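As the structure is a prediction and not an experimental result, all values here were calculated from the model. In what follows, chains are A, B, ... by sequence order, proteins preceding strands, each numbered from 1.
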Amino acid sequence: MTNPVTLEVCIIGSDYILEDGKPVVRLWGKTSKGETVLLLDRKFRPYFYVEPKPGFEIIKALPEGQGWIVPEKVETVEKRLYGKPKSVIKFVLTSPSDVPKFKIGIERLESVKATYEYNIAYYKRYLIDKGIIPLNWILVSGEGQNSLEGGLVVELESIEHLPQTDYPKIRMLTFDTEVVEKDGERWVVVISFNSNYGFRRTLVLGYVEKKNVECFDDENSLLHRFIGVLKTEKFDILCGYNTDGFDFPLIVERANKYNIKLDIGFEGKEPVFVMKGSISSFSITGKIHIDLYNFVENIVSNTLATEVLSLDRVSRELVGEGKKRVEWVELKNSWERGEKERLVEYCEKDAELTLKLANVLVPQIFELSRVSGQIPFDTSRMSYSQLVEWLFIRKSYEVGELVPNRPGFEEIRVRQLTQSYQGGYVHTPKNGLHHDVALFDFRSLYPSIIIAHNISPETLNCGCCSTLEDRNVISKDKNKVPEETYYFCINHKGFIPEIIEGLLRKRTEIQQEIKTLENGSVKYKDLNNRQYAIKILANASYGYYGYPGSRWFSTICAKSITAWGRYYIKKVIDFAERDREVIYGDTDSLFVKMGSGESISFIEEVNKTLPEGLKLELRGIYKSCLFVLSKKGTAAKKRYALIDKEGNIIIRGFEKVRRDWSKIARDAQEKVLVSILMDADHKAAFEEVKNLIEKVGQGKIDLKDLVIYTQLTKPLESYEQLTPHVMAAKKAIAKGVKISEGSVIGYVITRGTGPLSERAEILELANNYDPDYYINNQIIPAALRVLSEFGYSEKDFIGEKQQSLAKFINRENKKEKKFLQLKYKI
DNA sequence: CCGCTACGGGG
DNA sequence: GGGTACGTAGCGG
């Protein structure tokens with residue numbers, strides 16, 4: 001039974017299926033009441049363009065009888081490429097998979113010069129051509145009917161775009177998985193769910209009495225229940241942290257072991273891993289699976305103070321709350337002792353934190369979906385360059401431009417090898433510690449330059465301005481790139497400046513509206529996310545010119561932008577240096593020694609000297625800041641730490657703290673930074689490290705603070721290099737410990753005279769540690785990353801005697817290597 | 001100094 | 001629609 005229906009729908013997802021060889025576009029949407037709707041469109045067909053060689057007639061179809069494809073329609077259309085008119089032939093085909101086949105076939109014809117837009121995914125093509133923007137509202141009419149799964153299914157007849165910008169009610173489910181290694185296998189032992197609609201549940205392998213906890217005797221039934229929850233819960237979005245990379249691959253592996261069907265998609269469809277760039281993404285039909293880690297890594301990390309992108313650190317920064325500080329070894333031990341509550345609690349906390357993080361990040365993903373025009377599943381996994389690319393592709397369709405092709409592998413290589421141009425200007429930092437420093441930066445420097453100087457591939461050295469040159473040299477000079485001979489058109493606005501200008505204009509409008517709203521209200525947050533999404537895309541478009549994989553690649557555009565950028569920042573630095581000390585400057589920002597009182601008038605004076613659209617802004621006033629020069633000396637690396645008047649510390653550019661450093665070394669480095677910034681005294685920091693070294697020397701350190709974690713990435717036998725973690729694993733196995741492929745080995749370097757690998761023991765088998773190794777190879781290098789700035793070196797930490805001893809041992813180690821090679825290889 | 005191997009997130 | 005991630009560092013040889 002079908003009925004004519006008309007309803008308002010917000011689109012949140014899209015895909016297609018084949019029915020009798022013909023594609024059916026599916027749009028997954030929500031109504032304003034929060035109901036789920038599935039819209040079907042059977043009328044849309046895939047297509048691509050062919051440009052014939054001049055004077056050649058293109059055949060209308062490929063020869064039959066060779067298994068080739070007959071198009072549904074062939075027509076000549078007038079498009080433009082980089083602004084220049086171009087006649088192309090549009091081939092409309094039946095199935096999306098016909099496009100690549102037909103393209104390869106027709107490219108073999110002598111009459112074909114080029115092909116275009118052959119690799120735009122069918123469902124994306126549909127959204128672009130219909131002007132449908134995810135998370136925006138449309139008024140749809142068609143024939144509706146209720147599906148077996150409860151939602152309304154509508155055969156689309158017409159679409160109208162609606163202006164409202166609010167969100168529908170989205171039911172968000174988050175989960176987290178805990179795994180324990182036993183008998184060389186990884187077992188799923190706890191799974192916890194949380195949601196924004198009241199559902200909370202934790203599944204445990206074993207018995208735990210607690211609210212919302214369900215207990216299972218075996219992993220098989222736990223996994224069955226996990227699938228049951230995903231099938232019965234009516235959620236729209238499923239969120240996790242590193243679920244593409246960890247939870248789902250693991251759950252699939254375990255489900256396969258028990259032959260459990262993961263029929264959690266629409267109509268029982270099993271999920272698949274699809275490649276999105278370099279990300280293998282877990283895709284569930286009819287649902288949006290978002291892995292927040294992908295989004296954090298690709299997009300959010302840029303603006304975070306933390307260098308470590310763990311759920312703990314990221315949520316500390318974004319939601320003001322982190323995990324309970326606990327060592328994994330302890331959790332594992334209590335689990336094995338049968339005290340299951342601790343791991344359950346830990347897992348529940350993770351699912352809860354993931355939800356809190358999702359509440360902050362999913363609206364940002366939604367807004368980026370609106371700007372890029374891509375569905376949230378894809379948007380959440382895109383890099384900056386991909387977001388920009390889709391924005392440009394959408395705009396191309398709107399203005400009748402052909403989308404330039406992706407470069408091939410060879411072309412990318414050539415671009416990588418040949419492209420080299422000067423980047424932003426770096427004003428060499430005055431290293432060391434400084435007090436009372438103001439940080440200024442340009443508001444959207446590169447986007448503003450693109451607009452102000454009309455930088456676009458088709459406006460470069462345009463014909464219209466070169467004829468103008470003869471009559472009006474000054475006009476041309478006005479838009480000549482500093483220190484270059486290029487210039488950009490001043491008569492016609494370029495394709496890309498046009499897009500960026502639209503973005504910045506929209507952003508300014510939103511910011512005006514935000515000013516009228518109450519700080520922290522729902523509307524305020526939404527608009528703030530919107531202006532932020534716009535800013536992200538505007539800022540990323542410069543990089544897209546210089547990205548070797550870009551469809552709109554232009555080294556000249558990229559280097560013209562940086563040339564103007566250097567010109568303006570130098571101008572500001574010169575201005576500041578007339579009567580002040582500039583401590584550091586990089587691309588679009590500068591640190592100047594001054595108090596908060598002076599900063600306002602400084603900005604006013606500077607901005608008077610800048611052209612329209614370019615503005616310097618005050619970012620903050622800092623009590624102290626620490627600059628560290630890189631070892632390489634001349635190249636001033638962007639490594640610094642700041643502390644503001646409230647005592648908040650921002651650390652930038654120091655190496656990511658990795659698990660292949662022991663906890664004691666990681667802690668030492670952080671302590672040094674904090675100590676210097678807080679007390680403004682490097683001596684205190686130095687003494688602290690010295691005390692720590694003494695403690696290590698006395699053997700007073702708990703072994704678990706000394707563990708270094710390294711993963712086995714292949715079968716043990718196939719390692720040619722006998723690295724410490726490989727050796728530790730081999731020895732452990734020889735003693736009967738089960739270690740599976742892919743597991744992370746936590747080892748300690750124990751006392752002795754042989755090489756490291758000889759003395760590495762897994763934590764469980766280690767009963768002492770080598771103080772010299774931890775002092776010389778862990779704590780000192782970590783601390784010196786900072787302290788070398790203040791003139792400290794290795795000598796300051798250890799006496800001459802110990803140094804020579806260390807050197808002696810090192811020599812001895814080298815002698816023993818050959819012996820060891822023989823011993824273990826054969 | 002080069003080449004191999006690993007890091008990231010998750011547990 | 002699909003390709004190779006990527007940029008950096010420690011340590012062995």
[X] has a side chain; which of [options] sits nearest to it?
| X | options | value |
| --- | --- | --- |
| A:L309 | B:dG11, B:dG9, C:dG1 | B:dG9 |
| A:A121 | C:dG1, C:dA9, B:dG11 | C:dG1 |
| A:P96 | C:dG1, C:dC11, B:dG11 | C:dG1 |
| A:Y293 | B:dG11, C:dG1, B:dG9 | B:dG9 |

Quiz item: For A:E670, does the CD atom sit with more than 12 other heavy atoms under 6.0 Å from it, leaving out its own atoms?
Solution: no
Quiz item: Any chance NZ of A:K257 has more than 12 other-residue heavy atoms, nucleotides or ligands included, within less than 6.0 Å?
Solution: yes
Quiz item: Start at the 5' end of DNA chain B and walk down; is the nucleotide closest to A:V744 or to A:T710 reached first?
Solution: A:T710
Quiz item: Between A:D350 and A:E297, who's closer to the 5' end of DNA chain B by nearest nucleotide?
Solution: A:E297
For [X] and [N], give me the distance from atom [atom1] to atom [atom2], rounded to whole Å.
| X | N | atom1 | atom2 | value |
| --- | --- | --- | --- | --- |
| A:I708 | C:dC11 | CD1 | C1' | 12 Å |
| A:L353 | B:dG9 | CG | P | 16 Å |
| A:Y709 | B:dC7 | OH | P | 13 Å |
| A:K276 | C:dA5 | NZ | P | 18 Å |
| A:I279 | C:dC6 | CD1 | P | 12 Å |
| A:D378 | C:dG2 | CG | C1' | 13 Å |
| A:R551 | C:dG1 | CZ | P | 12 Å |
| A:R406 | C:dG2 | CZ | P | 12 Å |

Using a heavy-atom cut-off of under 4.0 Å over every strand shown, decide if [X] touches base, sugar-phosphate, or nothing.
| X | result |
| --- | --- |
| A:Y241 | sugar-phosphate |
| A:T243 | nothing |
| A:E181 | nothing |
| A:I745 | nothing |
| A:L331 | nothing |
| A:D291 | nothing |

Practice problem: Measure the acute angle between the ring planes of A:F44 and A:Y126, then classify it against the limits of 30° and 60° as parallel, tilted or perpendicular. | Solution: perpendicular
Quiz item: Side-chain N or O of A:Y773 less than 4.0 angstrom from OP1 or OP2 on C:dC11?
Solution: yes
Quiz item: So does A:K323 get a side-chain nitrogen or oxygen closer than 4.0 Å to the phosphate oxygens (OP1/OP2) of B:dG11?
Solution: yes
Self-check item: Atom P, compared across C:dA9 and B:dG9: separation rounded to whole Å
Solution: 15 Å
Exercise. Rounded to whole angstrom, note down the P distance from C:dG3 over to B:dG8.
Key: 29 Å
Quiz prompt | A:K90 to A:Y47, cation-pi by 6.0 Å centre distance and 45° axis angle | solution = yes
Practice problem: Kindly say whether the aromatic ring centers of A:F226 and A:F193 come within a distance under 6.0 Å. | Solution: yes
Exercise. On DNA chain C, check which nucleotide each of A:Q778 and A:Y16 is closest to and give me the residue with the more 5' one.
Key: A:Y16
Quiz prompt | Carboxylate-amine/guanidinium proximity below 4.0 Å for A:R406 and A:E411 | solution = no
